[in-house]
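Only a predicted model underlies this, so the values are computations on that prediction, with no experimental measurement involved. Note on naming: letters A, B, ... go to the chains in the order of the sequence lines (proteins, then strands), and numbering restarts at 1 for each one.
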Amino acid sequence: MRVAVVPTGEGGAWTRELAEDGQPLGEPRLWTDLPVAVAAYEPSGPRWVWAHTMDIYPRLLAAGVRVERCHDVELTETLLMGYVGRWGSPRSVAAAWARLTGGPVPPDKAPRSRDTQPTLFDAEQADPLGGADPLEVLLAVHADQLRRIGETALPGRFRLLVAAESAGALAAAEMGHVGLPWRADVHSELLTEMLGPRQAYGLPPRKLGELSERAALALGDRKLHLDSPAEVLKAFSRAGIRLSSTRSWVLKEVDHPAVPLLLEYKELYRIYTAHGWAWLSAWVHDGRFRPEYVPGGVVSGRWATRGGGALQIHKRVRRAAIADPGWVLVVADAGQLEPRVLAALSGDEKLARAGASGDLYRALADEAFGGDRPRAKIGMLAALYGQTSGEAGVLVAALRRKFPRAVDHVEKAAQIGESGGLVRSWLGRTCPPATSGWVEGGLDPEPVEEASDSGARNRARGRFTRNFVVQASAADWALALLATLRTALTGIGVEGARPELVFFQHDEVIVHCRAEDAAEVTAVLEQAAETAGRVVFGDTPARFPLDIAAVECYADAK
DNA sequence: CGAACTTGCGCC
DNA sequence: AAAGGGCGCAAGTTCG
């Protein structure tokens with residue numbers, strides 16, 4: 001059964017039971033309390049149909065209510081509009097309703113920020129519906145979505161995509177709610193160790209000051225401002241060294257006494273600004289780092305975050321992610337995921353078998369690169385990213401001789417992109433069109449470019465679509481893993497001390513659990529990875545094993 | 001003055 | 001001649 005739910009704006013909710021095809025089964029029901037309504041239905045295992053998980057579910061979690069399944073209408077609308085090449089069209093329920101009824105399509109609101117708490121269908125939103133009943137509108141849009149899903153080329157896969165995307169949104173809200181265990185005291189000590197003690201507001205820590213002073217002196221300008229690339233370039237040029245940029249890989253090639261100082265400064269400065277004390281006080285509270293995940297925030301289906309930079313936690317500060325006493329972090333990452341996904345996508349059984357041996361790059365090296373593993377890896381990544389410079393082109397050619405199906409698959413995706421076409425992930429997530437922005441009713445005209453520029457742009461587009469098919473299909477798999485996992489974990493441990501999913505980053509998950517539950521969690525993880533592979537890719541010889549480590553500290557996992 | 005863009009780095 | 005995908009973030013820089 002499905003149950004549609006619309007918050008009333010005064011803390012209550014309207015609900016209505018639906019059949020699997022979206023047709024209403026009973027009459028609308030008014031509840032004075034949203035969490036009570038949801039908690040009442042949840043034991044019967046419904047799929048909740050609601051506008052936007054990240055609006056509703058955090059409120060439920062705050063009230064202690066967890067749900068198993070949902071259909072997120074906004075995320076689904078985004079997938080469906082993307083499927084027909086209308087990426088960037090407004091995705092709200094009101095917009096979908098307007099398209100359905102031929103009314104004027106309201107633009108989406110600006111992205112929700114952390115400190116606003118908008119309610120869908122509140123006063124501000126009531127207008128776009130033109131007085132229509134919000135529950136009726138939700139029902140109509142949902143039923144229409146089910147119809148449109150049925151009309152896609154591969155409805156079974158698209159249904160799975162919608163379910164996985166929606167389950168991912170549930171997981172995102174749950175992870176934002178529970179947070180990654182984070183020891184602020186350990187983090188602060190770490191910073192002091194690396195940077196020197198924290199200074200008064202605005203002043204850089206001692207070690208940064210010393211480094212920048214020494215680097216500036218070495219470049220012969222005591223007042224040189226290292227944070228300004230332009231100034232640094234000028235200083236090097238005065239020393240007779242012309243640089244294309246101040247990127248660290250460029251600097252590494254230069255023999256000058258200021259270079260090692262500058263490189264060390266850059267690394268420490270990075271940690272200071274991105275993961276320093278300011279980050280700590282903004283994002284870590286009560287022993288947990290609580291980022292705001294944005295499911296579907298990346299066109300490829302990867303998540304984004306809004307603040308906190310949860311998907312870019314610097315390796316050196318992972319030392320502060322420490323399990324609660326008596327608990328452990330079970331860290332699992334899908335090693336070599338993208339080449340394995342490519343094997344499944346392309347039906348390249350030979351590549352799949354290479355992956356089945358464990359270390360895919362090792363097997364690749366033995367098969368096609370005379371045992372040279374580093375070259376095998378570069379060749380594979382070059383094929384995935386479209387790199388042709390240096391040695392890469394030769395390595396891709398070598399790869400292609402032994403694994404033609406896999407390499408041809410990404411080459412084909414690149415060709416489609418270069419000629420202006422769209423590509424899709426395995427489950428049907430579609431890449432955005434080449435032009436920068438779709439506006440409702442037509443393409444945004446772009447200024448005419450020089451012929452040479454358009455060639456470069458087409459090739460860039462080809463690299464994008466080439467990578468999209470693999471990255472987005474890997475995201476399909478990762479979402480299926482997450483969906484399987486969050487359900488499977490509820491059966492482990494004891495009430496009040498269940499394992500909790502605390503982190504997800506593209507191809508890696510962290511489960512926080514009691515030490516005595518770690519073995520069971522590990523088994524469930526392995527099983528979930530297996531299930532995700534089978535559910536998403538069906539009958540394929542490709543394997544998607546997880547590297548799993550149960551550790552007290554995140555930094556010890558790798 | 002803030003907005004919008006650029007640079008360079010971190011993660012995958 | 002060169003040709004590496006996706007992001008977020010913070011500081012610097014430029015623009016209105």
Side-chain angles (χ1 to χ4, degrees), chain A residues 111 202 204 208 225-233 243-252 262-276 278-279 282-283 291-294 296-318 333-339 341-342 377-393 395-396 410 413-414 417-418 423 425 429 431-432 452-453 455-475 478 503-509 554 558:
Chain A
L208 275 181
H225 194 36
L226 294 192
D227 303 333
S228 165
E231 284 193 36
V232 174
L233 284 181
L243 297 173
S244 55
S245 76
T246 64
R247 293 193 171 90
S248 54
W249 65 269
V250 173
L251 287 172
K252 271 176 198 143
L262 200 48
L263 290 175
E264 193 182 352
Y265 173 82
K266 276 169 179 282
E267 182 176 2
L268 292 181
Y269 180 73
R270 170 80 200 166
I271 290 171
Y272 170 62
T273 56
H275 293 286
W279 179 88
W283 294 102
E292 193 180 345
Y293 294 101
V294 184
V298 179
V299 294
S300 64
R302 283 180 170 185
W303 293 4
T305 59
R306 193 149 39 221
L311 304 182
Q312 300 109 251
I313 301 175
H314 198 293
K315 285 232 162 56
R316 286 179 72 169
V317 302
R318 293 182 183 181
D333 82 282
Q336 308 167 339
L337 177 60
E338 296 195 344
V341 164
L342 176 58
K377 185 172 177 179
I378 293 169
M380 188 74 234
L381 294 177
L384 294 174
Y385 293 151
Q387 183 182 3
T388 54
S389 64
E391 204 187 8
L395 296 177
V396 173
V410 284
E418 286 187 25
V423 295
S425 77
R429 189 186 307 268
C431 74
S452 62
D453 275 353
R457 281 204 317 179
N458 287 346
R459 284 191 295 278
R461 175 73 185 170
R463 287 192 297 276
F464 169 67
T465 52
R466 168 198 294 266
N467 186 251
F468 184 94
V469 294
V470 179
Q471 188 184 115
S473 301
F503 189 62
F504 170 62
Q505 173 180 237
H506 312 316
D507 61 357
E508 176 179 358
V509 296
Y554 186 20
K558 279 179 190 162

Exercise for the section: Tell me whether the OP1 or OP2 atom of B/dC9 has a side-chain N or O from A/Lys315 closer than 4.0 Å. Expected result: no
Practice task
Calculate the interatomic distance between A/His506 atom NE2 and B/dG10 atom C1'; express it in whole Å.
Solution key: 11 Å
Exercise for the section: Please determine if a side-chain N or O atom of A/His225 lies less than 4.0 Å away from the OP1 or OP2 oxygen of C/dG12. Expected result: yes
Practice task
Using a cut-off of strictly less than 4.0 Å, decide whether A/Ser300 has a side-chain nitrogen or oxygen near OP1 or OP2 of C/dC7.
Solution key: no
Practice task
Would you say whether A/Tyr385 stacks on C/dG5? The test is a distance between ring centres of less than 5.5 Å and an angle between planes of less than 30°.
Solution key: yes
Fill in the blank from the handout: Atom CH2 of A/Trp279 and atom P of B/dC11 are separated, to the nearest Å, by 14 Å
Exercise for the section: Look at A/Arg463 and C/dG4 and indicate whether a side-chain polar atom (N or O) is within less than 4.0 Å of OP1 or OP2. Expected result: no
Handout entry: A/Lys377 atom NZ, over 12 foreign heavy atoms within 6.0 Å
Key = no
Problem - A/Thr305 side chain near C/dC7 phosphate (N/O to OP1/OP2, under 4.0 Å) - result: no
Handout entry: Any A/Thr388 side-chain nitrogen or oxygen under 4.0 Å from OP1 or OP2 of C/dA3
Key = no
Practice task
Look at all strands and tell whether A/Gln471 reaches a base, only sugar-phosphate, or nothing, counting heavy atoms closer than 4.0 Å.
Solution key: base
Exercise for the section: Please state how far atom NZ in A/Lys266 lies from atom P in B/dC9, giving the value in whole angstrom units. Expected result: 4 Å
Problem - Short side-chain N/O contact to B/dC9 OP1/OP2 from A/Thr273, under 4.0 Å - result: no
Problem - Distance-only donor-acceptor test (3.5 Å): side chain A/Arg302, base B/dC12 - result: yes
Exercise for the section: Measure from CG on A/Asp227 to P on B/dC9 and round the result to the nearest Å. Expected result: 12 Å
